[in-house]
Trainee: 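Sharing a structure here in structure tokens format.
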Amino acid sequence: MTMETTDRLTDGVRTALRAAGLPDVADCIWEVPRQAEHGDYASNVAMTLAKPARRAPRQIADLIVAHFPPLPEVARLEIAGPGFINVFLSPAWTASAVRGILAAGDAYGQGERERGTRLRLEFVSANPTGPLVIVNARAAAIGDSVARLLRAQGARVTAEYYVNDAGNQFEALARSFEARLREAVGLPFTFPENGYPGEYVAELARDYLTGHRLSTPAEVDTHLTSLGADPQAALVRLGRWAVRRIVDGQRRVLAEYGVEFDAWTSEQADVREAGLPERAIDELTKRGVIHEQDGALWFRSTDFGDDKDRVLRKSDGELTYFAVDVAFYHFTKFGAADRVVTLLGPDHHGYVGRIRAAMRALGHPPEALDVLIVQLVTLLRDGTPVRMSKRRGEFVLMEELLEEVGRDAARFTFLTRRHDSPLEFDLAVATRQSTDNPVYYVQYAHARIRSIWKQIAEQGIAVPPWSEVDLTRLSLPEEQQIIKRLLGYPEVVAAAAHALEAHRIAYWLQELAGLFHPYYRAHRVIQDDRALMSARLALCTAVGQVIKNALGLLGVSAPDSMTRSEADA
RNA sequence: GCGCCUGUAGCUCAGUUGGACAGAGCGUCGGACUUCUAAUCCGAGGGUCGCAGGUUCGAUUCCUGCCAGGCGCACCA
């Protein structure tokens, strides 16, 4: 793997600093200036050194430039403004860099910043009480892309889905399910007050009856009493059946979406029945941060930055959800990982403080836990919000979204917003197969490049191996600009992974496509000047490769051709 | 009342962990198809970066206050 250009520039600066007898810097920020006159890279290192070196920024910049070692990629250095060092790359070197991109292929853009990190990434984790809805699709798109980004940086990522198959919500589902079973055959029933009224529970009940060959009230009555020694045990068995079916449905939709999880952790089986909450309480007790009050067991989370102390075991003897979560985070997550990332909905953000407090109390470094809040999605149909009411069981399902807009458009659209920002998802726009829809703009660039190759093959044109192609023919300003863009890609991936922000890739892709399309229209690749053709072909192939790699990080396909459907033709 | 998030072009949003005249897409207006796919391209117009202070050589970015919107503040999950 060749070193990044910016790393080599940083080495150059440090060499110059040593030679000039100036203090060293740990790192050196290289940014790509907005304006071409400011060069290809610019650094403010001279300004940051002004204080420790007790010299004027421009004077330091002069010394750095004077002592900078010759590098093949650097054409010249300039000092500008208050002390910026502007780097101008050599066009010949830039052009030759295309070869490196082509050689790296699918691996281009991967890095080592998270090499060896064991990372546990939890996302979606919808309650197993109903099908996935649109906000889950957003979390799935973001979480899966963050997982891909981190893997591209060498992290060993476990994508985890936590199934809350215990507690009040589980019980409400089980009671709803039982009521629907009785209702289906005409037995008397009372629908639970906090139950799940959605039609899917009734559907599930009908499936259950069919599967168990039950049709008459008498059969159902006998069956229900045969399920367990007491009504509670029977209810639990019914509930488990319903949860299994619902979770299977969630898993299926996620798989269609291209999202696979490595771990499906069950609150009931993997945390509660494994006795982890009790062990967590023991550990906290040993650390002296537990006290009893009013018959309940409290964790003194205020000692660790929380607003108020939190109950772990209620006065009725039951564990709180928090106690279970502390165990889940401490044993299951941190037991198998150095770093933990969780995506949560905005309704849970008040919860983050106490989990952080508990992890600090248990000795986990605060920076090892990241919580990303994924904001809500407002669904629009032709500009007007689609009303959703969970209480009435009315919401837009994730599978309906997939059916209507497709996997690529859905995922890409979710990744055009920062996770922290509320999202308006306009179905009309996401469905439209046109310019409005950035995913097609990017995919089209890839398809156009593949199409050039198709032409090459059809016309029987021979293309020499890249090692024999004279890349210095790539001298147009547009070509230089595109190559420099491609060279910045690994840094964008690294930064996106570090910030846990997949949307940066989506924006970067749109900008790359925005450079490619005008170039493609203005300059022909296939032409009589075969040397120039080969050089341009190398560039286009590199662009296609990087688009494919970047779309891969978003879980979006890179098609060889675009076929517009009749409706929008 | 307390806490978190958000406030950037008509709309939806970026803004590279404090940098050099503030960006994109859509929408509006005007143009370009005998060409490797026009799902494309070219051009024009559009802004007191919510408001007011502060830190800094330098602030859309950091700090404080205020205004507006969203969400959360259980011995619920």
Side-chain angles (χ1 to χ4, degrees), chain A residues 29-35 37-38 42 44 47 50 57 80-84 86 127 129 164 166-170 172 194 267 293-298 307-308 310-316 318 320-322 324-325 345-353 373 375-376 380 383 416-418 420-424 426 429 432-441 443-445 447-456 458-459 488 491-492 495-496 498-499 501 503-504 506-508 510-511 513-514 516-527 533 536-537 540 561-564 568-569:
Chain A
I29 308 287
W30 294 99
E31 57 174 25
V32 178
R34 288 199 191 89
Q35 298 191 155
E37 306 94 78
H38 293 142
N44 64 347
M47 278 111 99
F84 287 104
N86 295 335
N127 280 320
T129 52
N164 296 112
N168 295 351
Q169 299 190 38
F170 170 78
N194 58 346
E267 175 185 347
Q293 191 186 314
D294 306 327
L297 211 56
W298 295 71
D307 306 334
K308 64 188 287 281
R310 306 292 174 176
V311 172
L312 293 167
R313 191 188 293 283
K314 295 185 264 180
S315 50
D316 66 3
E318 290 287 315
T320 59
Y321 179 83
F322 174 59
V324 179
D325 243 19
D347 50 336
H348 283 83
H349 82 250
Y351 189 72
V352 177
I373 301 295
Q375 287 292 337
L376 296 174
L380 302 178
T416 54
R417 301 290 182 281
R418 226 173 53 237
D420 237 358
S421 169
L423 167 68
E424 293 203 351
D426 196 320
V429 171
R432 210 174 301 154
Q433 300 181 337
S434 73
T435 328
D436 308 13
N437 210 338
V439 65
Y440 296 120
Y441 185 75
Q443 286 183 319
Y444 186 41
R448 279 182 143 175
I449 291 161
R450 298 306 307 165
S451 181
I452 297 171
W453 276 103
K454 205 174 138 204
Q455 282 294 319
I456 297 265
E458 278 172 12
Q459 295 177 30
E491 189 53 41
V492 171
H498 177 73
E501 290 185 346
H503 75 278
R504 295 190 191 193
Y507 276 89
W508 187 86
Q510 291 182 67
E511 285 162 8
F516 176 76
H517 282 302
Y519 170 69
Y520 174 94
R521 256 190 95 66
H523 306 286
R524 290 192 59 80
V525 173
I526 299 173
Q527 56 181 307
M533 181 198 79
R536 286 186 175 167
L537 200 52
C540 289
S561 68
M562 304 292 282
T563 46
R564 196 199 284 261
D568 279 282

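Within every chain, numbering begins at 1; the chains are lettered A, B, ... in the order of the sequence lines, protein sequences first and strands thereafter. Here the structure is a predicted model, which is why all the values come from computation and not from measurement.
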Trainee: With a non-hydrogen cut-off below 4.0 angstrom, is A:Phe170 in contact with a base, only sugar-phosphate, or nothing?
Mentor: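 Counting heavy atoms under 4.0 Å across all strands, no contact is made by A:Phe170.
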Trainee: Answer with base, sugar-phosphate or nothing: what part of the nucleic acid does A:Ala499 contact at a heavy-atom distance below 4.0 Å?
Mentor: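 No contact at all - A:Ala499 keeps every heavy atom at 4.0 Å or more from the nucleic acid.
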Trainee: Using a 4.0 Å heavy-atom cut-off across all strands, classify A:Ala445 as base, sugar-phosphate, or nothing.
Mentor: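 No contact at all - A:Ala445 keeps every heavy atom at 4.0 Å or more from the nucleic acid.
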Trainee: Atom CG of A:Leu297 to atom C1' of B:rC75: distance rounded to whole Å?
Mentor: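 The distance from CG of A:Leu297 to C1' of B:rC75 comes to 11 Å, rounded to the nearest Å.
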Trainee: Round to a whole Å and report the spacing from CZ of A:Arg524 to P of B:rC36.
Mentor: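 Value for this atom pair: 5 Å.
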Trainee: Which of the following nucleotides, B:rC75, B:rU40, B:rA20, is nearest to the side chain of A:His38?
Mentor: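 Looking only at side-chain atoms, A:His38 lies closest to B:rA20.
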Trainee: Please check: side-chain N/O of A:Arg450 versus main-chain N/O of A:Ser561, any donor-acceptor pairing under 3.5 Å?
Mentor: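 No; zero donor-acceptor contacts below 3.5 Å.
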Trainee: Stacking between A:His348 and the base of B:rG72 (centre distance under 5.5 Å, interplanar angle under 30°)?
Mentor: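 Answer is no, no stack.
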Trainee: Categorize A:Ala495 for me: base, sugar-phosphate, or nothing, with a 4.0 angstrom heavy-atom threshold over every strand shown.
Mentor: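 Touches nothing.
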Trainee: Hey, does A:His349 reach any base, or is it just sugar-phosphate, or nothing, if we go heavy atoms under 4.0 Å?
Mentor: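 Counting heavy atoms under 4.0 Å across all strands, the contact made by A:His349 includes a base.
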Trainee: Nearest heavy atom decides the nucleotide; on that basis, is A:Gln459 or A:Pro346 closer to the 5' end of RNA chain B?
Mentor: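 Final value for this comparison: A:Gln459.
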Trainee: According to the Watson-Crick and G-U wobble definition with distances under 3.5 Å, which dot-bracket string, read 5' to 3', encodes RNA chain B, using [ ] for crossing pairs and | for pairs with another strand?
Mentor: (((((((..((((.....[...)))).(((((.......))))).....(((((..]....))))))))))))....
Trainee: If the cut-off is 4.0 Å, is A:Tyr441 near the phosphate of B:rC41, judged by side-chain N/O to OP1 or OP2?
Mentor: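 A:Tyr441 to B:rC41 OP1/OP2: side-chain N or O found under 4.0 Å.
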Trainee: What distance, rounded to whole Å, do you find between the two C1' atoms, one in B:rC4 and one in B:rC42?
Mentor: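 It works out to 46 Å between them.
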Trainee: Whether A:Lys308 contacts B:rC75 is assessed here as follows: a side-chain N or O lying under 4.0 Å from the phosphate OP1 or OP2. Is that the case?
Mentor: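 Checking B:rC75 against A:Lys308, a side-chain N or O does come within under 4.0 Å of OP1 or OP2.
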Trainee: How close do A:Val492 and A:Arg504 get, counting heavy atoms only, and between which atoms?
Mentor: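 Smallest interatomic distance, heavy atoms only, reads CG1-O, 4.4 Å.
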Trainee: Heavy-atom nearest nucleotide on RNA chain B for A:Ser561 versus A:Asp294: which residue maps closer to 5'?
Mentor: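 Upstream on the strand: A:Ser561.
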Trainee: What is the nucleic acid contact for A:Asn86, judged by heavy atoms within less than 4.0 Å: base, sugar-phosphate only, or nothing?
Mentor: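 Here A:Asn86 touches the bases of the nucleic acid.
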Trainee: Which pair of heavy atoms, one from A:Tyr441 and one from A:Gly514, lies closest together, and at what distance?
Mentor: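 Scanning both residues, the minimum pair turns out to be OH-CA, 3.2 Å.
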Trainee: Given the C1' atoms of B:rA22 and B:rG54, what is the spacing between them in whole Å?
Mentor: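 Result for the C1' pair: 23 Å, nearest Å.
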Trainee: Just checking A:Asn44: base, sugar-phosphate only, or nothing, at a heavy-atom cut-off of under 4.0 Å?
Mentor: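 It contacts base atoms.
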Trainee: With distance as the sole criterion, do the side chain of A:Thr320 and the base of B:rC75 form a donor-acceptor contact below 3.5 Å?
Mentor: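 Check fails, no donor-acceptor contact within cut-off.
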Trainee: Assign a letter to each nucleotide of nucleotides 5-15 of chain B from its 5' end: B, base within under 4.0 Å of a protein heavy atom; S, sugar-phosphate only; -, no contact.
Mentor: SS-----SSSS
Trainee: Considering only B:rA38, B:rG19, B:rA77, which nucleotide approaches the side chain of A:Phe84 most closely?
Mentor: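 In terms of side-chain proximity for A:Phe84, the closest of B:rA38, B:rG19, B:rA77 is B:rG19.
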Trainee: State, to 0.1 Å, how close A:Asn194 and A:Ala172 come at their nearest heavy-atom pair, and which atoms those are.
Mentor: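 In this case the closest contact between A:Asn194 and A:Ala172 is O-CB, 3.7 Å.
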Trainee: Between B:rG70 atom P and A:Asp347 atom CG, what is the distance in whole Å?
Mentor: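 In whole Å, B:rG70 P and A:Asp347 CG are 16 Å from each other.
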Trainee: When we call it a touch if two heavy atoms are under 4.0 Å apart, what does A:Phe322 touch: a base, just sugar-phosphate, or nothing?
Mentor: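 Since no nucleic acid heavy atom lies under 4.0 Å of A:Phe322, the category is nothing.
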Trainee: Quote, to the nearest angstrom, the P distance that separates B:rA24 from B:rC57.
Mentor: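 Per the computed distance, 33 Å lies between those P atoms.
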Trainee: B:rA39, OP1 or OP2 - any side-chain N/O from A:Arg448 closer than 4.0 Å?
Mentor: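 It does not, given that no N or O in the side chain of A:Arg448 lies less than 4.0 Å from OP1 or OP2 of B:rA39.
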